[in-house]
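Here the structure comes first, spelled out in structure tokens, and everything after it is commentary.
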Amino acid sequence: MEEKGYRIVTMTERDTPEALAFLRKFFFHDEPLNICVGLLDEPGSTCKELEDYCANSVPEGVSLMVLSDSDEIVAVSINGILTRESNKKSEMIEEVNGCKNQKFKKILNLLTTVNIESDVFGRFPDINSLVEIRVLSVDDAHRGKGIAKALINRTRLLAKEKGYDVLKVDCTSHFSALAVASLGGYECIYILKYSDHLDEDGKPVFVPDPPHSCVKTYISRLK
């Protein structure tokens, strides 16, 4: 990355405000699920719950950002840690039920459903800890340059260096799934079609524009 005029750095808590400002400009507005629920339909609006979801992962020390030669943020990867001990179904459901923002609650419920049903710790009894990529966003002007793939690769390297067992990626976008699949060394362990994720009236909660049709969970074993 460095020779292309970019460098990848590990985020610290000091970087959180700038990273959130970046995500407000890009990810918050262009992620398929955010668009589906109209998360930021009001001009100038934001979502405190989504911001907290991102900010709360940064202190774990595995989130990354890409900087240009002029120290401008051009991409962010919000990554977090899950352990077998902390990954309790009851606590996840309680967090969803406690979410007061009804639009974000739909997204949080989907992510929780995917986490529960993909069941990484149940599928792989030897795994005790993992790093997961929770939010990945690249500046529109810098897309198509391999930055997202470089961030995924660096996250995998960082997770391995820190002794985690697995890197996990839940791809809610068709394009992020393509990026992960093209890297090699990743196994798709779970797929949830949006048409199968229904509300209490039996209707799909999310109807994103094509080509987004499903969530795919990929893992890469690090040991």
Side-chain angles (χ1 to χ4, degrees), residues 19-55 57 63 66 73-80 92 95-96 99 101-118 132-149 151-152 155 167-183 186 188-199 201-219:
L20 288 176
F22 174 88
L23 292 171
R24 283 185 207 113
K25 188 176 179 183
F26 297 103
F27 177 83
F28 285 19
H29 289 279
D30 60 21
E31 203 282 328
L33 301 188
N34 296 351
I35 294 170
C36 269
V37 299
L39 192 64
L40 299 174
D41 275 357
E42 298 299 319
S45 64
T46 187
C47 175
K48 182 181 183 301
E49 291 80 4
L50 178 53
E51 295 198 3
D52 290 345
Y53 175 82
C54 295
S57 297
S63 294
V66 179
I73 298 176
V74 298
V76 165
S77 184
I78 300 293
N79 308 319
M92 289 186 278
E95 184 180 357
V96 172
C99 182
N101 183 317
Q102 294 305 307
K103 291 180 178 180
F104 184 68
K105 186 174 184 177
K106 293 178 181 179
I107 296 172
L108 191 60
N109 183 55
L110 174 72
L111 296 176
T112 299
T113 299
V114 170
N115 191 26
I116 291 170
E117 294 187 356
S118 61
E132 60 178 359
I133 296 178
R134 294 174 177 166
V135 169
L136 181 60
S137 181
V138 181
D139 184 323
D140 293 348
H142 296 267
R143 292 179 183 174
K145 300 177 181 179
I147 292 175
K149 290 181 182 179
L151 268 175
I152 296 168
T155 300
L167 176 64
K168 172 176 173 274
V169 194
D170 292 327
C171 300
T172 56
S173 152
H174 174 75
F175 302 115
S176 60
L178 283 180
V180 173
S182 70
L183 291 171
Y186 288 82
C188 182
I189 63 164
Y190 176 77
I191 298 174
L192 174 62
K193 293 180 181 178
Y194 288 123
S195 58
D196 291 336
H197 182 67
L198 309 177
D199 62 19
D201 297 321
K203 297 178 181 177
V205 178
F206 301 99
V207 187
D209 291 335
H212 310 295
S213 62
C214 62
V215 186
K216 292 185 177 182
T217 298
Y218 286 90
I219 67 158

Q.
Can you tell me how far apart CG (Asp30) and CZ (Arg143) are? Round to the nearest 0.5 Å.
A. 4.5 Å
Q: Compare every heavy atom of Ser173 with every heavy atom of Ser176, then report the nearest pair and how far apart it is.
A: OG-O, 2.9 Å
(Q) Contact between Cys47 and Leu40 at the side-chain level, heavy atoms closer than 4.5 Å - yes or no? (A) yes
Q: Hey, could you give me the CG/CD distance between Asn109 and Gln102, rounded to the nearest 0.5 Å?
A: 11.0 Å
Q: Supply the atom-to-atom distance Met92 CE to Leu111 CG, rounded to the nearest 0.5 angstrom.
A: 11.5 Å
(Q) I'd like to know if the side chain of Asp201 reaches the main chain of Lys203, judged simply by a donor and an acceptor atom lying under 3.5 Å from each other, with no hydrogens or angles considered. (A) no
Q: Look up atom CG in Asn34 and atom CZ in Phe104, then write down how far apart they are to the nearest 0.5 Å.
A: 8.0 Å
Q) Can you check whether Val96 reaches Lys105 side chain to side chain, under 4.5 Å on heavy atoms? A) yes
Q | Partners passing side-chain hydrogen bond (donor to acceptor under 3.5 Å, both in side chains) against Lys149 (at least two apart in sequence or in another chain) | A | Ser182
Q: First locate atom CD1 of Ile191, then atom CG of Asp196, and finally report the distance between them rounded to the nearest 0.5 Å.
A: 11.0 Å
Q | Closest heavy-atom pair and its distance - Val37, Phe206 | A | CG1-CE2, 3.4 Å
Q | Heavy-atom check, side chain of Phe26 versus side chain of Glu31, under 4.5 Å | A | no
Q. Side chain of Ser63, backbone of Asn79: donor and acceptor closer than 3.5 Å?
A. yes
Q) Is a side-chain donor or acceptor of Tyr194 paired with a backbone partner of Thr172 at a separation under 3.5 angstrom? A) yes
Q: Please name the pair of heavy atoms, one in Phe28 and one in Cys54, separated by the smallest distance, quoted to 0.1 Å.
A: CE1-SG, 4.4 Å
Q) Taking all non-hydrogen atoms of both residues, which atom of Ile73 and which atom of Ala19 are closest, and how far apart? A) CD1-N, 4.1 Å
Q: Over all heavy atoms of both residues, which pair between His29 and Ile35 is shortest? Give the atoms and the distance, please.
A: O-CG1, 3.5 Å
**Q.** For Glu95, salt bridge (charged side-chain N to carboxylate O under 4.0 Å, His left out) partners two or more places apart
**A.** none
Q.
Do Phe27 and Ile78 have side chains that approach each other closer than 4.5 Å (heavy atoms only, starting at C-beta)?
A. no
Q: List the steps and the verdict of salt bridge (Lys or Arg N to Asp or Glu O under 4.0 Å) for Glu51 and Arg24.
A: CA-CA 9 Å; Glu51 295 198 3; Arg24 283 185 207 113; 2.5 Å; yes
Q | Side chain to side chain, Ile133 and Val180, heavy atoms closer than 4.5 Å | A | no
Q) Between Tyr190 and Asp170, is any pair of side-chain heavy atoms under 4.5 Å apart? A) no
**Q.** Considering all heavy atoms, the nearest Ser137-Phe22 contact
**A.** O-CE2, 3.6 Å
Q | Within-4.5 Å side-chain heavy-atom neighbours: Lys168 and Asn115 | A | yes
Q.
Which residue is it: Leu108, Leu33, Leu39, Leu50? I am looking for the one with a side-chain contact (heavy atoms from CB on, under 4.5 Å) to Lys103.
A. Leu39
Q) CG/Leu192 to CD/Glu117 distance, rounded to the nearest 0.5 angstrom? A) 6.5 Å
(Q) Measuring only between side-chain heavy atoms, which start at C-beta, is Thr217 closer than 4.5 Å to Val114? (A) yes
Q. Among all residues two or more places apart in sequence or in another chain, which pass the side-chain contact (heavy atoms from CB on, under 4.5 Å) test with Val205?
A. Lys106, His197, Asp199
